[in-house]
Amino acid sequence: MAMAASAKLNTLSSSQWIAHNSFSPRRGSSSRRVSLPIRASSYQHELVQTAKSIASPGRGILAIDESNATCGKRLASIGLDNTEVNRQAYRQLLLTTPGLGEYISGAILFEETLYQSTTDGKQFVDCLRDQNIVPGIKVDKGLVPLPGSNNESWCQGLDGLASRSAEYYKQGARFAKWRTVVSIPCGPSALAVKEAAWGLARYAAISQDNGLVPIVEPEILLDGDHPIERTLEVAEKVWSEVFFYLAENNVLFEGILLKPSMVTPGAEHKEKASPETIAKYTLTMLRRRVPPAVPGIMFLSGGQSEVEATLNLNAMNQSPNPWHVSFSYARALQNTVLKTWQGHPENVEAAQKSLLVRAKANSLAQLGRYSAEGESEEAKKGMFVKGYTY
């Protein structure tokens, strides 16, 4: 009988399991049975299909959801003013790259970009769809100080999220991103971890209710001089809390994607870890904390060099995993592109080719077939910035 019950449980999705169960009083109690029916999202089938499409073999996510302020910093690095015209020109370069859909399955956009068009009048979301790339949208409203914590942050943006998400869906977005952070040098405090996990869970539930696959991203910052063992300890605690609250909020695990940090030593630690060591610790954490129902793990690069991020991803794909293990990179896909472009129209084609080089490299890493042979010195330069903000 126990085996039959176990077999029955294994056929249920996480949300179905929650819906199937209810709270009952102890034996002998006169209280009435309390049933807590769970209403599954009307988008359930679409959510699962969208997540599977993004988590497809040899493909990952291009993250270009930097705020206007952060995008301005990138433009300033090549001598351009932070204007909408310049932001549009750069994003057009990225999103109209021929052949991008061979390696990229999703693109995370900032709100401004979601509603922008090319200079020829074609909406960016349509440019993406034509290449079988799913449009996504950053929905959080950024980090602010968390009162009562050890100089830590919390992520705002839940107010009005449902109505905004519905509008983003109408505009063509099919997945969402919410980034919160955890700082190891600051503790992290139990308050900060719980706040990060609860905020992510509420965002995920609201997103699914409006047809958007939520990317769940509690970024554990690289800042600090701690060893890799400490990162593993914190990552396990954070993801334990995140999945507890995802379940509490009846989030459909088959309709989410994760965007974790890789488990690495702190950026200022005296010893650098090899890709094999990073893969070992990262996969250990994921196997201990992430249910196999989750379709995709889309890593953030977090200030690693372009080559480091690709080598580490490749090392994680040397044997089969329960989930699609891939990338959701911003700087690790764009750094060389930006420096090649320099804001000059005559450099657009060369910049797009450099984007394809990086996208293909990470595609090969997702398949476990990447080699760093022939990589440029520019691609090997680290991009860690202490206290980096988006």
Side-chain angles (χ1 to χ4, degrees), residues 50 53-54 56 59-139 164-177 211-213 215 327-360 362-363 390:
T50 298
S53 175
I54 296 172
S56 55
R59 300 206 297 165
I61 294 174
L62 170 63
I64 57 168
D65 58 317
E66 302 91 346
S67 66
N68 287 347
T70 301
C71 190
K73 293 177 185 177
R74 305 238 175 124
L75 294 175
S77 73
I78 58 170
L80 292 183
D81 293 333
N82 185 15
T83 65
E84 183 177 354
V85 171
N86 287 335
R87 293 193 299 269
Q88 187 274 347
Y90 179 54
R91 287 157 176 166
Q92 177 171 321
L93 180 161
L94 297 170
L95 299 178
T96 60
T97 297
L100 189 62
E102 184 175 351
Y103 314 116
I104 300 296
S105 55
I108 312 172
L109 310 177
F110 191 60
E111 186 176 64
E112 177 183 77
T113 317
L114 182 69
Y115 292 93
Q116 281 179 327
S117 301
T118 67
T119 50
D120 293 332
K122 185 174 184 178
Q123 290 197 334
F124 283 153
V125 291
D126 292 329
C127 294
L128 292 171
R129 285 178 182 141
D130 288 349
Q131 293 214 57
N132 194 29
I133 300 173
V134 182
I137 178 70
K138 169 187 166 72
V139 298
R164 286 191 289 118
S165 297
E167 290 302 316
Y168 298 149
Y169 184 92
K170 288 179 185 177
Q171 182 61 18
R174 289 298 178 269
F175 71 101
K177 174 199 159 181
L212 302 179
V213 169
I215 288 182
F327 60 93
S328 177
Y329 293 165
R331 286 175 284 172
L333 283 172
Q334 296 181 51
N335 189 52
T336 302
V337 178
L338 194 62
K339 293 181 177 180
T340 302
W341 177 47
Q342 291 294 318
H344 301 308
E346 62 270 22
N347 293 342
V348 166
E349 185 176 347
Q352 290 179 328
K353 286 180 179 177
S354 68
L355 175 58
L356 286 180
V357 167
R358 292 261 47 90
K360 182 179 181 180
N362 286 291
S363 169
Y390 281 82

Keeping the roles fixed (side chain from [X], backbone from [Y]), state whether a donor-acceptor pair exists under 3.5 Å.
X: Q88; Y: S117; result: yes
X: T340; Y: A350; result: no
X: R174; Y: Y169; result: yes
X: N347; Y: G343; result: no
X: S56; Y: R59; result: no
X: T113; Y: L109; result: no
X: R164; Y: V139; result: yes
X: D65; Y: K138; result: no

State, to 0.1 Å, how close [X] and [Y] come at their nearest heavy-atom pair, and which atoms those are.
X: F175; Y: V134; answer: CE2-O, 3.1 Å
X: Y168; Y: Y115; answer: CD2-OH, 3.9 Å
X: I64; Y: L94; answer: CG2-CD1, 3.5 Å
X: E66; Y: A330; answer: OE2-CB, 4.1 Å
X: N82; Y: A69; answer: ND2-CA, 4.3 Å
X: L212; Y: A176; answer: CD1-CB, 4.1 Å

Measuring only between side-chain heavy atoms, which start at C-beta, is [X] closer than 4.5 Å to [Y]?
X: L355; Y: Y103; answer: no
X: Q92; Y: T119; answer: yes
X: E102; Y: S363; answer: no
X: I61; Y: I54; answer: yes
X: N362; Y: L333; answer: yes

Practice problem: Show your reasoning for whether side chain to side chain contact (heavy atoms under 4.5 Å, CB included) applies to N86 and D81. | Solution: CA-CA 7 Å; N86 287 335; D81 293 333; 4.2 Å; yes
Quiz prompt | side chain to side chain contact (heavy atoms under 4.5 Å, CB included) evaluation trace for I104 with F327 | solution = CA-CA 9 Å; I104 300 296; F327 60 93; 3.7 Å; yes
From [X] atom [atom1] to [Y] atom [atom2], the distance as rounded to the nearest 0.5 Å:
X: I78; Y: H344; atom1: CD1; atom2: NE2; answer: 8.0 Å
X: K353; Y: T336; atom1: NZ; atom2: OG1; answer: 16.0 Å
X: Q116; Y: L95; atom1: CD; atom2: CG; answer: 9.5 Å
X: E349; Y: W341; atom1: CD; atom2: CH2; answer: 15.5 Å

Could you pull out all donor-acceptor pairs under 3.5 Å where a side-chain atom in residues 124-133 meets a protein atom, sequence neighbours excluded?
from : atom 1 : to   : atom 2 : distance (Å)
D126 : OD1    : R129 : NH1    : 2.9
D130 : OD2    : K122 : NZ     : 2.3
Q131 : OE1    : G99  : N      : 3.3
Q131 : OE1    : L100 : N      : 3.0
Q131 : OE1    : G101 : N      : 3.0
Q131 : NE2    : T97  : O      : 2.8

Self-check item: Residue list, salt bridge (Lys or Arg N to Asp or Glu O under 4.0 Å) with R91, at least two apart or on another chain
Solution: E112
Exercise. Quick one: list whatever passes salt bridge (Lys or Arg N to Asp or Glu O under 4.0 Å) with K360, sequence neighbours left out.
Key: none
Without hydrogens or angle criteria, can the side chains of [X] and [Y] be said to hold a donor-acceptor pair below 3.5 Å?
X: Y329; Y: Q334; answer: no
X: S67; Y: T70; answer: yes
X: E167; Y: Q171; answer: no

Quiz item: Taking it one step at a time, do I137 and K177 satisfy side chain to side chain contact (heavy atoms under 4.5 Å, CB included)?
Solution: CA-CA 6 Å; I137 178 70; K177 174 199 159 181; over 6 Å; no
